[in-house]
Amino acid sequence: MASLVSSPHTLAPFSSHHHRLHHSPNLPTLRFPRPIKPKPNHSLRCSVSIEKEVPETERPFTFLRDSDDTTQSSSVRARFETMIRAAQDSVCEAIEAVENGPKFREDVWSRPGGGGGISRVLQDGNVFEKAGVNVSVVYGVMPPEAYRAAKGSASDQKPGPVPFFAAGVSSVLHPKNPFAPTLHFNYRYFETDAPKDVPGAPRQWWFGGGTDFTPAYIFEDDVKHFHSIQKQACDKFDPSFYPKFKKWCDDYFYIKHRDERRGLGGIFFDDLNDYDQEMLLAFSTECANSVVPAYIPIVEKRKDMEFTEQHKAWQQLRRGRYVEFNLVYDRGTTFGLKTGGRIESILVSLPLSARWEYDHKPEEGTEEWKLLDACINPKEWI
């Protein structure tokens with residue numbers, strides 16, 4: 001997988017001006033004592049126990065440890081891994097069908113003590129600028145601050161390092177055409193064992209995930225189609241799910257420093273363990289299976305539309321918002337960074353390019369303004 005931080009296309013600000021500071025000969029030179037170099041703080045990384053990943057040449061049957069129950073149907077860990085790997089396959093097959101030629105690059109990795117993952121990335125395709133679809137199974141011990149990042153609660157204190165298991169599928173799809181929307185989905189299962197200094201405490205588990213939709217331009221038929229598929233998946237389990245998880249999505253993907261949402265929403269849920277475990281596993285599976293019918297018909301409809309440089313520039317500005325949210329607020333990203341996860345997989349959600357313009361404000365009444373207004377004031381689409 002190409003390094004996101006070394007690519008010349010990464011997060012390019014598209015500035016056409018270069019400014020240099022020149023020293024004035026009329027100003028006195030000020031000299032300061034050499035600063036004392038602070039010692040690096042390794043306490044966070046040293047308190048996290050996740051082994052370094054090892055590249056693999058082929059996919060294993062399972063990334064679970066031998067001690068996990070992989071034969072009995074009662075193993076939620078095993079069935080969730082099977083589900084996320086099937087979801088990765090189906091989404092990648094659908095993307096490659098749309099691309100009609102370009103294929104995903106695949107990296108398989110494992111860790112000696114158990115766990116691993118499969119990262120698939122397609123870059124500079126015919127239709128997609130960048131498409132990433134990852135699965136991972138992780139065993140480790142996290143510090144209290146990483147636990148709070150995973151739980152999203154500063155008040156939920158754990159007294160010491162927390163052993164955990166996590167498995168999930170995560171994907172971000174960035175099309176080239178500015179009229180084709182970006183899509184993100186993530187479905188995950190998490191367990192924590194008793195902290196080392198609180199032996200005998202009960203194991204905790206929860207499900208999380210969602211699918212959300214980030215267009216640069218609004219086509220109401222597309223937005224209604226996308227939200228209808230989310231509602232259909234939710235209604236099969238509980239009619240309260242869609243309105244509750246739709247609002248949760250609007251609230252979660254909120255860029256506080258911009259006072260706007262990242263996109264036009266979808267569904268989002270986290271820390272979900274107040275329903276039957278089997279029901280939540282089936283619900284997560286249904287949501288993951290809904291990704292292709294919710295998204296691919298929209299891409300097929302929009303991928304060949306003609307566009308101007310102005311349309312592309314607006315798409316790049318909205319990609320900038322995407323980057324801001326992911327690096328500042330996204331719990332999955334912050335959890336991965338705090339637990340020493342595989343950096344290329346963590347940052348695969350970032351686009352190849354994005355744009356920031358100083359004090360950019362679209363003219364009221366334009367299509368760009370309509371999108372921004374919908375991000376500031378979330379709507380009920382169905």
Side-chain angles (χ1 to χ4, degrees), residues 1-20 121-132 171-184 212-219 222-223 253-266 295 298-299 302-330 332-334 343-344 346-378:
M1 210 182 312
S3 171
L4 294 173
V5 294
S6 62
S7 168
H9 304 293
T10 303
L11 314 186
F14 289 84
S15 173
S16 58
H17 301 284
H18 300 276
H19 303 282
R20 294 183 179 178
V121 179
L122 190 155
Q123 292 184 162
D124 288 320
N126 296 327
V127 177
F128 288 89
E129 175 188 286
K130 187 178 182 185
S171 174
V172 177
L173 310 172
H174 292 295
K176 290 183 171 181
N177 194 304
F179 296 125
T182 287
L183 185 87
H184 160 259
D212 63 282
F213 185 68
T214 308
Y217 290 90
I218 296 177
F219 295 91
D222 294 353
V223 186
F253 291 104
Y254 174 63
I255 307 171
K256 185 176 181 180
H257 60 271
R258 297 284 189 181
D259 191 23
E260 64 189 61
R261 277 78 188 163
R262 188 175 75 177
L264 300 187
Y295 182 61
I298 297 173
V299 174
R302 305 298 173 193
K303 65 184 177 66
D304 297 319
M305 290 180 64
E306 293 185 4
F307 59 88
T308 66
E309 290 184 8
Q310 178 185 348
H311 295 137
K312 190 66 180 176
W314 175 247
Q315 179 199 47
Q316 295 290 290
L317 285 167
R318 297 311 303 174
R319 293 257 172 93
R321 299 294 202 267
Y322 210 94
V323 171
E324 290 175 28
F325 177 84
N326 281 26
L327 293 182
V328 178
Y329 300 110
D330 184 69
T333 302
T334 57
I343 193 66
E344 293 299 330
I346 295 167
L347 297 181
V348 77
S349 64
L350 301 184
L352 289 185
S353 59
R355 181 182 181 105
W356 285 265
E357 290 184 14
Y358 180 76
D359 198 26
H360 182 276
K361 293 183 176 67
E363 184 179 348
E364 187 170 347
T366 62
E367 295 303 311
E368 293 80 7
W369 178 88
K370 292 176 184 177
L371 184 280
L372 182 58
D373 180 64
C375 291
I376 296 172
N377 304 295

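Note that the numbering runs from 1 along the sequence shown for the chain.
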Quick one: pull up [atom1] in [X] and [atom2] in [Y] and give me the separation to the nearest 0.5 Å.
X      : Y      : atom1 : atom2 : value
Phe128 : Leu122 : CZ    : CG    : 8.5 Å
Lys130 : Leu352 : NZ    : CG    : 5.5 Å
Cys375 : Ile218 : SG    : CD1   : 7.0 Å
Asp222 : Tyr217 : CG    : OH    : 14.5 Å
Leu347 : Thr333 : CG    : OG1   : 7.0 Å
Leu327 : Thr334 : CG    : OG1   : 10.5 Å

Out of Glu306, Gln315, Lys312, Met305, which one pairs with Asn177 under the side-chain contact (heavy atoms from CB on, under 4.5 Å) rule?
Met305
For [X], enumerate each residue passing the side-chain contact (heavy atoms from CB on, under 4.5 Å) test, keeping only those at least two apart in sequence or located in another chain.
X      : result
Glu324 : Ile255, His257, Arg258, Arg321, Trp356
Ser171 : Val133, Leu173, Phe185
Lys256 : Tyr254, Tyr329

Shortest non-hydrogen contact from [X] toward [Y]:
X      : Y      : answer
Pro215 : Leu371 : O-CD2, 3.5 Å
Lys176 : Glu129 : CG-N, 3.5 Å
Arg319 : Ser353 : CB-O, 4.0 Å
Pro178 : Ala216 : O-CB, 3.6 Å
Thr214 : Asp212 : OG1-OD2, 3.9 Å
Ser349 : Val172 : CB-CG2, 3.4 Å

Compute whether any side-chain donor of one residue and acceptor of the other, for Asp373 and Asn377, lie under 3.5 angstrom apart.
yes
Can [X] and [Y] be counted as an ion pair, charged N to O under 4.0 angstrom?
X      : Y      : answer
Lys370 : Glu367 : yes
Glu260 : Arg318 : yes
Arg355 : Glu357 : yes

Less than 4.5 Å apart, side chain to side chain, heavy atoms only: is that true for Pro181 and Phe219?
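Contact flag for Pro181/Phe219 side chains = no.
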For the residue pair His311 and Phe179, is the inter-centroid distance of their aromatic rings smaller than 6.0 Å?
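Ring-ring flag for His311/Phe179: true, centres closer than 6.0 Å.
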Measure from the ring center of His184 to the ring center of Phe213 and say whether it is less than 6.0 Å.
no
Derivation of the side-chain contact (heavy atoms from CB on, under 4.5 Å) call for Trp314 and His360
CA-CA 10 Å; Trp314 175 247; His360 182 276; 3.7 Å; yes
